[in-house]
Undergrad: 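My questions all concern the structure below.
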Amino acid sequence: MKINRDLCDVCGTCVAVCPADAIVVSEFEVNIDDEKCIKCMNCVTVCPIKAISEGE
Amino acid sequence: MIKEKYDVLVIGAGPAGSVTARFAAENGASVLMLERDREAGIPVRCAEGVSHNGIVPFIELDEKWIAAKINIAKLHSPNGETAVMRNNGAGYVLERRIFDTALCDLAAEKGAEFITKADALDLVWEDGKIAGVKFKYMGEIKTVKCDIVIGADGVESRVGRWAGIKTAVRLEDIDTCVQYTLSGLEIDDEACDFYFGQNISPGGYVWIFPKSKTTANVGIGIAGHLAKDKSPKEYLDKFVEEHFPNAKINYTVYGGVPTAATLKEIVKDNIMLVGDAARQVNPITGGGIVQAMIAARIAGKLVAEAVKAKRFDAKFLKKYPQEWDKILGHSQKTMFDMKEKFMTLTDDKFNSIVEFCQKVPEDQFSLKALFMEAVKGDPMLMLDVAKSFVVSKMKLK
């Protein structure tokens, strides 16, 4: 999955709906572990600013 | 100086963390609280509304963190009608950045230690048991030991997951939210406004919480599963354009509000989850501050008991979810059922609810009356709603 860092507010909404435990939030950044990601698209759907999309 | 070991490590310094820390410390436990950000209370991912009755058991009221005093709630139907509620108890719009710091100060006064810019990375395990936390602090990876970890790390909670607790919520059980703090308004600073409708805020609502006569938190939460094609920002921009075309946006914040009915499992050996991390939010209003503080008081006192008894096993810690269920369990479940019901309401139904509410004398119109009207025709839910209002009135005191 791809995160547009210019848009991302690091709010963590994506983490709450990730069933695969693939998303990590630190103070400044959200990261998605592609190996754990099951491409369910929950994070894409709930991101309040649509900063996440499918892709490398 | 950070010690090598504490009785309790609290992850997150929002109201859930700082109130747990305070009650644990006050009752004799040694506590270290870690906050990822540089300061408690920032960034403010919150509409900042609380009820007077909810907050006074926890902190002495202070003008410093009260932006506005609220006495009126106005409900707006999809067709533009308004019902005014004056009988639901007083409330406040907070300055969370000051409020959260005040709660941390209280925890510190009782002896809890507190560091910021401390980003928890993982749990430390010894002999198959949680024995501490690994975190990044001042450019170093540190390990501090403890007997109990409190996961108060918010909607994005990781602590629970590290412990093997299932914390993921369904798309239906999270509201995706955007909020602008607008300036240049001319508003009634005693009234909160709520707007409903499929085209306004599907599965949620738009709120206007005044911070003064000229500024307000104007935000939106829409149900996660209804946000596929259109983001909450698009809905909010349309709303602001229509209602406040001349306002300026001073602050923008994004976030998620869990609207589940509390996680099934909020304790395990050596660990407890509190607040948003445990999904202890009112599923229908999305309010979480008072809920978090109620849970935190239970958890904090129990932690201190656990330290005295040297019992850190899930069986002992289960007293926390049991007590939570006793105080708010029924209400949480009813509010969750209400939320499920609300999701299915059409705009016509919202219109007719507001129309009904308009006919109730303002001094008799309360949230209970509103909910009862909304669930009319569903006797079981009506009974639950009625009960939950009686119960919460007794238990909150």
Side-chain angles (χ1 to χ4, degrees), chain A, chain B residues 35-38 43 45 116-122 135-136 153-158 160-162 164-179 219-236 252-260 276-277 279:
Chain A
M1 307 301 285
K2 207 167 104 183
I3 300 172
N4 181 339
R5 301 205 183 278
D6 293 333
L7 291 180
C8 177
D9 197 42
V10 200
C11 73
T13 308
C14 49
V15 183
V17 294
C18 177
D21 195 18
I23 311 182
V24 180
V25 183
S26 70
E27 187 185 354
F28 302 112
E29 220 173 69
V30 173
N31 284 296
I32 301 178
D33 183 338
D34 280 334
E35 279 180 20
K36 284 187 181 173
C37 175
I38 57 167
K39 304 252 184 313
C40 69
M41 300 304 198
N42 278 0
C43 56
V44 176
T45 303
V46 298
C47 175
I49 194 168
K50 303 289 180 203
I52 312 176
S53 56
E54 207 176 359
E56 290 299 301
Chain B
E35 167 56 43
R36 185 179 70 197
D37 277 296
R38 68 196 69 190
R45 294 195 197 283
T116 57
K117 295 194 81 170
D119 192 6
L121 300 173
D122 210 344
F135 59 97
K136 205 166 104 182
D153 52 338
V155 65
E156 70 266 48
S157 177
R158 302 268 308 158
R161 291 183 189 231
W162 294 331
I165 296 173
K166 254 194 84 177
T167 63
V169 295
R170 304 180 307 162
L171 284 182
E172 289 87 339
D173 293 337
I174 193 148
D175 273 17
T176 172
C177 307
V178 184
Q179 177 176 276
I220 187 171
I222 68 182
H225 66 296
L226 300 175
K228 258 186 195 103
D229 303 318
K230 205 167 155 186
S231 73
K233 184 177 184 302
E234 288 172 82
Y235 285 100
L236 185 61
T252 304
V253 69
Y254 302 89
V257 175
T259 57
D276 277 14
R279 318 306 184 206

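Quick note on labels: first sequence line is chain A, next is B, and so on, each numbered from 1. Atom set for the values below is all heavy atoms of this structure, side chains included, hydrogens, waters and symmetry mates excluded. Values in this document were obtained by computation on a predicted structure and should not be read as measured data.
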Undergrad: Which bit of B/Asp119 is near chain A, if near means a heavy-atom gap under 4.5 Å: side chain, backbone, both or neither?
TA: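 When you check distances to chain A, only side chain atoms of B/Asp119 fall under 4.5 Å.
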
Undergrad: Take a 6.0 Å sphere around NZ of B/Lys166 and say whether it holds more than 12 heavy atoms from other residues, nucleotides or ligands.
TA: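 No - once you tally the heavy atoms of other residues, nucleotides and ligands closer than 6.0 Å, there are 12 at most.
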
Undergrad: Heavy-atom distances under 4.5 Å only: say whether B/Val257 touches chain A with side chain, backbone, both or neither.
TA: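 Neither part, no heavy atoms under 4.5 Å.
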
Undergrad: Going from CD on B/Glu156 to SG on A/Cys14, what distance comes out if it is rounded to the nearest 0.5 angstrom?
TA: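 B/Glu156 atom CD to A/Cys14 atom SG measures 9.0 Å (nearest 0.5 Å).
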
Undergrad: Ignoring hydrogens, what is the shortest heavy-atom contact between B/Ile174 and A/Val46? Give both atom names and the distance.
TA: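 Distance-wise, the nearest heavy atoms are CG2-CG1, 3.8 Å.
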
Undergrad: Go through B/Val178 and A/Ile49 one step at a time and tell me if the side chain to side chain contact (heavy atoms under 4.5 Å, CB included) criterion holds.
TA: CA-CA 8 Å; B/Val178 184; A/Ile49 194 168; over 6 Å; no

Undergrad: Of the listed residues (B/Arg161, B/Arg170, B/His225), which shares the most heavy-atom pairs with chain A below a 4.5 Å separation?
TA: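 Maximum pair count with chain A is reached by B/Arg161.
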
Undergrad: How long is the gap from CD1 on A/Ile23 to CZ on B/Arg158, to the nearest 0.5 Å?
TA: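 Between atom CD1 of A/Ile23 and atom CZ of B/Arg158 there are 9.0 Å.
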
Undergrad: Is B/Arg279 in contact with chain A via its backbone, its side chain, both, or neither, using a 4.5 Å heavy-atom distance?
TA: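 For B/Arg279, side-chain heavy atoms alone lie under 4.5 Å from chain A.
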
Undergrad: Measuring heavy-atom distances to chain A, does B/Arg45 have an atom under 4.5 Å in its side chain, in its backbone, in both, or in neither?
TA: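 The answer is the side chain of B/Arg45.
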
Undergrad: In terms of heavy-atom pairs under 4.5 Å, which option from A/Val24, A/Val44, A/Val30 contacts chain B the most?
TA: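 Ranked by heavy-atom pairs under 4.5 Å with chain B, first place is A/Val24.
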
Undergrad: Which one, B/Pro43, B/Ser157, B/Pro232, B/Ala277, leads in non-hydrogen pairs under 4.5 Å with chain A?
TA: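 Greatest number of close heavy-atom pairs with chain A: B/Pro232.
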
Undergrad: For a quick test of reading the model, state the closest non-hydrogen atom pair linking A/Pro48 to B/Ser231 and the distance between them.
TA: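 Scanning both residues completely, I find the closest heavy atoms to be O-CB, 3.6 Å.
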
Undergrad: What's the separation between atom NZ in A/Lys50 and atom NZ in B/Lys228, rounded to the nearest 0.5 Å?
TA: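 Between atom NZ of A/Lys50 and atom NZ of B/Lys228 there are 9.0 Å.
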
